[in-house]
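Data first, discussion second: the structure below is written as structure tokens.
Lettering of chains follows the sequences in order, A, B, ..., and the numbering in each one begins at 1.
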2 protein chains.
Amino acid sequence: MIIIDYRDKRPIYEQVTDKLAQLIIKGVLSPNTKMPSVRQLAIDLSVNANTVQRAYSQLEQNGYLYSVVGKGNFVSEVNDWKNQATKENIATLRQACINAKNCGLTYDDVKKLIKEVYEEKQTS
Amino acid sequence: MIIIDYRDKRPIYEQVTDKLAQLIIKGVLSPNTKMPSVRQLAIDLSVNANTVQRAYSQLEQNGYLYSVVGKGNFVSEVNDWKNQATKENIATLRQACINAKNCGLTYDDVKKLIKEVYEEKQTS
DNA sequence: TCAAGTGTACTACGAAGATTAATACACTCG
DNA sequence: CGAGTGTATTAATCTTCGTAGTACACTTGA
């Protein structure tokens with residue numbers, strides 16, 4: 001299910017984190033599903049248990065998982081991670097806006113910018 | 001004029017870069033002023049010449065300085081660095097806006113956010 | 001109760017990157 | 001030409017980061 005790409009320069013825990021997050025976002029792993037244990041997944045991927053632990057820990061911080069000591073890790077409700085992601089995006093957007101204001105951009109400048117973005121069809 | 005703080009965890013070249021940038025932004029160093037030579041400033045600060053060179057190099061990249069081989073480094077015109085800083089702010093603002101759009105924020109949500117920012121008195 | 005399975009905390013090692021230093025080169029100008 | 005300037009290259013040192021090893025704490029079922 002998960003394949004580690006050793007040509008990828010990013011650390012393993014980050015690759016695992018991203019791929020699991022994708023599976024959750026796409027709904028392949030539905031809420032309250034029990035994740036494989038850190039040790040089991042570590043064996044499957046041939047990595048250290050702490051590496052998986054770190055990935056799980058990140059996913060928990062981002063609201064994708066919740067963990068119960070002695071029982072395991074489970075997929076969170078959709079709203080949990082959706083709200084989390086939205087909050088962070090709002091925070092960074094606000095900061096970017098403040099910076100723009102401080103460097104002299106006017107209210108109209110910024111309004112024009114966001115209008116452009118929202119009129120584009122494709123975004124990435 | 002410049003004091004290096006060794007309790008500061010940031011690298012020396014970054015401290016020097018920031019403090020010189022502040023002096024330029026505040027107008028203490030006006031356009032076309034000749035900066036101290038890399039070797040001279042290195043002696044004054046008791047650091048290696050390359051460290052100063054790196055700071056100058058960064059300042060040049062950000063449009064604060066221009067250098068002439070064999071002659072020295074000089075403070076740029078105000079518009080040079082102002083435009084540069086503005087460009088970067090616009091780029092990050094646009095990206096933040098795209099992310100917000102992708103995570104489901106509506107056009108009105110974003111408009112409301114920037115309105116708030118521009119109605120605030122103090123910003124940092 | 002205990003043993004197996006679970007998450008977690010702590011420490012340490014190794015590699016990779018960042019920072020600084022040493023040195024040599026190229027240019028300007030008197 | 002020589003002193004002063006910026007710049008390129010290389011090397012040494014330092015710091016950070018990713019990963020691994022190990023021990024601890026909890027849950028559950030036999």
Side-chain angles (χ1 to χ4, degrees), chain A residues 2-21 24 29 31-76 80-81, chain B residues 2-21 24 29 31-76 80-81:
Chain A
I2 292 184
I3 295 174
I4 297 174
D5 181 3
Y6 286 99
R7 290 167 305 181
D8 193 330
K9 291 164 192 166
R10 295 180 311 160
I12 300 173
Y13 79 89
E14 200 176 309
Q15 292 186 44
V16 176
T17 303
D18 286 359
K19 294 194 177 172
L20 289 178
I24 294 173
L29 298 171
N32 300 312
T33 304
K34 184 176 187 307
M35 300 291 291
S37 78
V38 289
R39 289 176 180 78
Q40 186 56 53
L41 186 54
I43 292 171
D44 293 350
L45 301 179
S46 303
V47 299
N48 188 276
N50 280 310
T51 304
V52 176
Q53 164 62 24
R54 184 160 183 181
Y56 278 7
S57 175
Q58 299 250 313
L59 290 167
E60 188 181 12
Q61 272 210 324
N62 294 333
Y64 293 105
L65 296 182
Y66 63 92
S67 74
V68 184
V69 179
K71 302 191 73 172
N73 286 272
F74 304 86
V75 179
S76 299
D80 287 359
W81 49 265
Chain B
I2 292 184
I3 295 175
I4 296 176
D5 180 3
Y6 286 100
R7 291 166 306 180
D8 193 330
K9 291 163 192 167
R10 295 181 311 161
I12 301 172
Y13 77 90
E14 201 176 310
Q15 292 186 45
V16 176
T17 303
D18 286 357
K19 295 194 177 173
L20 288 178
I24 294 173
L29 298 171
N32 299 313
T33 303
K34 184 178 186 306
M35 300 292 291
S37 77
V38 289
R39 288 176 182 78
Q40 186 55 51
L41 186 53
I43 292 171
D44 293 350
L45 301 179
S46 303
V47 300
N48 188 276
N50 282 310
T51 304
V52 176
Q53 165 62 24
R54 184 160 180 180
Y56 279 6
S57 176
Q58 298 250 313
L59 290 166
E60 188 180 12
Q61 271 210 325
N62 294 333
Y64 293 105
L65 297 181
Y66 63 92
S67 74
V68 184
V69 178
K71 302 191 73 172
N73 287 272
F74 305 86
V75 179
S76 299
D80 286 359
W81 49 266

Interface residues of residues 56-73 of chain A with DNA chain D (non-hydrogen, below 4.0 angstrom) |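 Close to the strand are V69(A), G70(A), K71(A).
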How about K19(B): does its NZ atom have over 12 heavy atoms from other parts shown lying under 6.0 Å from it?
-> yes
In whole Å, what is the span from the [atom1] atom of [X] to the [atom2] atom of [N]?
| X | N | atom1 | atom2 | answer |
| --- | --- | --- | --- | --- |
| I12(B) | dT15(D) | CD1 | P | 11 Å |
| L45(B) | dT20(C) | CG | P | 12 Å |
| M35(A) | dT6(C) | CE | C1' | 15 Å |
| L41(B) | dA21(C) | CG | P | 13 Å |
| E14(B) | dT19(C) | CD | P | 7 Å |
| K34(B) | dT28(C) | NZ | C1' | 12 Å |
| Y6(B) | dT19(C) | OH | P | 15 Å |
| F74(B) | dG4(D) | CZ | P | 17 Å |

Heavy atoms, side chains only, cut-off 4.5 Å: are [X] and [Y] in contact?
| X | Y | answer |
| --- | --- | --- |
| L41(B) | M35(B) | no |
| Y64(A) | L20(A) | no |
| P36(B) | Y56(B) | yes |
| L65(B) | V75(B) | yes |

Answer yes or no: side-chain N or O of R39(B) and base N or O of dG6(D) forming a donor-acceptor pair under 3.5 Å.
-> yes
Would you say dG4(D) has OP1 or OP2 under 4.0 Å from some side-chain N or O of S37(B)?
-> no
Within the structure, does a side-chain N or O atom of T51(B) lie under 4.0 Å from either OP1 or OP2 of dT19(C)?
-> no
Verdict with reasoning, V16(A) to T51(A), per side chain to side chain contact (heavy atoms under 4.5 Å, CB included) = CA-CA 9 Å; V16(A) 176; T51(A) 304; 5.6 Å; no
Please lay out, stage by stage, how L29(B) and F74(B) fare under the test side chain to side chain contact (heavy atoms under 4.5 Å, CB included).
-> CA-CA 10 Å; L29(B) 298 171; F74(B) 305 86; over 6 Å; no
Sub-3.5 Å pairs of nitrogen or oxygen atoms, protein against nucleotides 9-14 of chain C:
{"residue": "dA9(C)", "atom": "N6", "partner": "N50(A)", "partner atom": "OD1", "Å": "3.1"}

Q40(B) vs A49(A), nearer the 5' end of DNA chain D by closest nucleotide = Q40(B)
Looking at dT19(D), dA21(C), dT20(C), which one has an atom nearest to any side-chain atom of N48(B)?
->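 Among the listed nucleotides, the one closest to the side chain of N48(B) is dA21(C).
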What heavy-atom pair brings K34(B) and K71(B) nearest, and what distance separates the two atoms?
->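 Residues K34(B) and K71(B), closest heavy atoms: CE-O, 3.4 Å.
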How long is the gap from CD on E14(B) to NZ on K9(B), to the nearest 0.5 Å?
->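 One finds 13.5 Å between CD of E14(B) and NZ of K9(B).
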